[in-house]
Amino acid sequence: MTASDTTSTTLSGIGVSPGLVAGPVARMAPPIPEPEIATLEPSRDIEKECERIALAAQQVKKGLELSAAEAKAEARTLLETTAQMAADPTLTSTAQAMVREKRLVPERAVWESAGTLATMLESLGGYMAERTRDVQDVRDRIVAVLTESPMPGIPRLPEPFVLVAADLAPADTALLDPEKVIAFITSEGGPTSHTAILARALGMPAIVGTGEEVTDALAEGDIVLVDGTKGTITINPSEDALRRARELASRVRVFNGDGATKDGHEVQLLANVGDAAGARSAAEAGAMGVGLFRTEFCFLDQPEEPTVEAQVEAYQGVLEAFPGKKVVVRTLDAGADKPLPFLTDATEANPALGVRAYRTTRRDPEVLEHQLEALAKAEAATEAKVWVMAPMISTADEAKAFTEKARSYGLKTAGMMIEVPSAALMADKLFEHADFASVGTNDLTQYVMAADRLLSSLADLSTAWQPAVLRLIGTACEGASPNGRPVGVCGEAAADPALATVLVGLGVASLSMTARALPDVDAVLKSVTLDECRELAKIAIAAATAEEAHTAVRAKLPILEELGL
């Protein structure tokens, strides 16, 4: 913590969503306190108390479903997932058993039942461990209903504010209203946490992973200046700083669908989408196409594989938003943080390194075959140009097998994701089969740095600014060059305007991101030539650390300061 002058103080965290805004602090409502261990009085009807638990869980589930119906894309998916947790019979039946056997009061029984479920999920690791946050969120909501306490969540205030919290549950993050919550700061979280991803989707400045000492220093009503790019929080900023923030906030940048560097080198600026609504929004934002269609959103929370017909309908809705344009479709990326009950094994000791993504074809090849059949039918019914790619391709044999399978269904352009170091290092061999590749920087960084991207304690390692990650991306582009194959980036790194220049300098041909990031990335790319991008790439890969690379590149891009990025 350093004082910038006699009146203002600057604190820091991890900037995960760019922007510069100022406003008063509003702290998250206090968490529901742990209920005391207490038993029911003899006069209380045990079965009625059990019924109260079921009714409370149902009330929470319905409330979350109503919120999901009003939400969009990722927000809707998160809310629906949390609602399913509220309906989980394991939680309610275990709590009811505690009431019957121990005569525990319902709120204590729910608390202990949730603790048991959370411990079980934590032991499974990966995505299942991440779901413990959902369990705690549902627990607090049910206990609030049972005790007639205020529902935990985001405060409701008449004026816009900066939200401060330890962390945000998926249900809370999904309900952030950008008209009211102008930025948020959390003591936990990392650059690839769900809170960070949704902040970028909302175009909302956000700083995470500050530690409790920072969030504790932010008092209710404090005026703070939040710089989501630099990761700084200034308490009681100067009038000049506030004026600049207001000026930047008043500027509206748009993307006209013509991604290129200053000297006219085309860079396709594409959008990441998960459903038809997201695709329509991306098209309205000027996206030149789709660089990542996450098809797993059509499968999540499904007890069994959707039919080919159901998949055709889901895919067609996305393709129709981009007639005549490229739509890069990622086949099912199941496993690790996205388990599917009909396809993945939740008991794997290390699911991030297990049978996930393309590897599920080893056991269930028909799931991929059905998906390719559905994609071919959806393409035939629309005017979009479908490019299909498989996630987690690790060897030349896998690249050959997938591309041949895709083409056998009439899908002409077939490629792969580069998320595993072996794919980048052996890119020249893999590109003998693949028509293109897209780098998933979130997973590539995780595997290169051997750091779980869901752990906030390792957030400093989970950045694509790591020179080792950038060197591998450069290697992949070099491997693609002799075969004339394009390499894109569809991970979160593509939405970083400064890092975008480095990626283009490394040889990346397309960048796919949340649609809200398109104008910022476009503006920065149009300020530099291709040769300047190549020079910035050399600077970044020559750096010893991620911080050194980030600082050195930003110093060469004065446009970032002008744009408030």
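Since this is a predicted model, take the numbers as computed values, not measurements.
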Side-chain contact, heavy-atom cut-off 4.5 Å: [X] with [Y]?
X: Thr210; Y: Thr186; answer: no
X: Val308; Y: Glu373; answer: yes
X: Leu472; Y: Pro421; answer: yes
X: Leu560; Y: Pro497; answer: yes
X: Met392; Y: Met417; answer: no
X: Arg359; Y: Ser394; answer: yes
X: Val489; Y: Ser438; answer: no
X: Leu557; Y: Leu536; answer: yes

Between [X] (side chain) and [Y] (backbone), is there a donor-acceptor pair under 3.5 Å?
X: Ser481; Y: Cys477; value: no
X: Ser17; Y: Met204; value: yes
X: Asp364; Y: Glu366; value: no
X: Asp134; Y: Met85; value: no
X: Asp263; Y: Leu530; value: yes
X: Thr551; Y: Glu548; value: no
X: Arg200; Y: Val16; value: yes
X: Thr514; Y: Ala517; value: no
X: His550; Y: Ala546; value: no
X: Thr463; Y: Gln466; value: no

Looking only at the side chains, is there a donor atom on one of [X] and [Y] sitting less than 3.5 Å from an acceptor on the other?
X: Thr229; Y: Arg554; result: no
X: Tyr315; Y: Gln371; result: yes
X: Gln311; Y: Lys377; result: no

State, to 0.1 Å, how close [X] and [Y] come at their nearest heavy-atom pair, and which atoms those are.
X: Pro467; Y: Ala544; value: CG-C, 4.2 Å
X: Phe431; Y: Ala437; value: CZ-CB, 3.4 Å
X: Gly415; Y: Thr403; value: N-CG2, 4.3 Å
X: Glu432; Y: Asn483; value: N-ND2, 4.3 Å
X: Gly259; Y: Met288; value: N-SD, 3.5 Å
X: Lys429; Y: His433; value: O-CD2, 3.7 Å

Residues Met513, Leu269; criterion side chain to side chain contact (heavy atoms under 4.5 Å, CB included); working and verdict
CA-CA 8 Å; Met513 64 203 77; Leu269 299 186; 4.2 Å; yes

From [X] atom [atom1] to [Y] atom [atom2], the distance as rounded to the nearest 0.5 Å:
X: Tyr358; Y: Lys405; atom1: OH; atom2: NZ; result: 8.5 Å
X: Leu565; Y: Asp496; atom1: CG; atom2: CG; result: 9.5 Å
X: Leu411; Y: Leu375; atom1: CG; atom2: CG; result: 6.0 Å
X: Arg294; Y: Asp275; atom1: CZ; atom2: CG; result: 10.5 Å
X: Arg471; Y: Leu506; atom1: CZ; atom2: CG; result: 11.0 Å
X: Leu525; Y: Asp520; atom1: CG; atom2: CG; result: 11.0 Å

Can a salt bridge be assigned to the pair [X] and [Y] using a cut-off of 4.0 Å between side-chain N and carboxylate O?
X: Lys526; Y: Asp258; value: yes
X: Glu532; Y: Lys556; value: no
X: Arg407; Y: Asp435; value: yes

Audit row: Val487, Phe436, side chain to side chain contact (heavy atoms under 4.5 Å, CB included) steps and yes/no
CA-CA 6 Å; Val487 175; Phe436 72 98; over 6 Å; no

Would Phe402 and Leu368 count as a side chain to side chain contact (heavy atoms under 4.5 Å, CB included) here? Give the steps.
CA-CA 10 Å; Phe402 172 74; Leu368 174 63; 4.1 Å; yes

Going by salt bridge (charged side-chain N to carboxylate O under 4.0 Å, His left out), name the pairs with one or both residues in residues 381-403, residues two or more places apart or in two chains.
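Found Arg362-Glu398, Lys400-Glu404.
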
Just distance, no hydrogens or angles: give the donor-acceptor pairs under 3.5 Å from side chains in residues 316-325, sequence neighbours left out.
| residue | atom | partner | partner atom | Å |
| --- | --- | --- | --- | --- |
| Gln316 | NE2 | Glu320 | OE2 | 3.1 |

Would you check, one step at a time, whether the test side chain to side chain contact (heavy atoms under 4.5 Å, CB included) holds for Glu547 with Trp465?
CA-CA 7 Å; Glu547 181 59 33; Trp465 279 102; over 6 Å; no

Given side chain to side chain donor-acceptor pair (under 3.5 Å), test Ser512 with Asn272 step by step and report yes or no.
CA-CA 6 Å; Ser512 190; Asn272 295 341; 2.6 Å; yes

Give a yes or no on this: more than 12 heavy atoms of other residues, nucleotides or ligands lie within 6.0 Å of atom CD of Glu369.
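Check passes, neighbour count above 12.
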
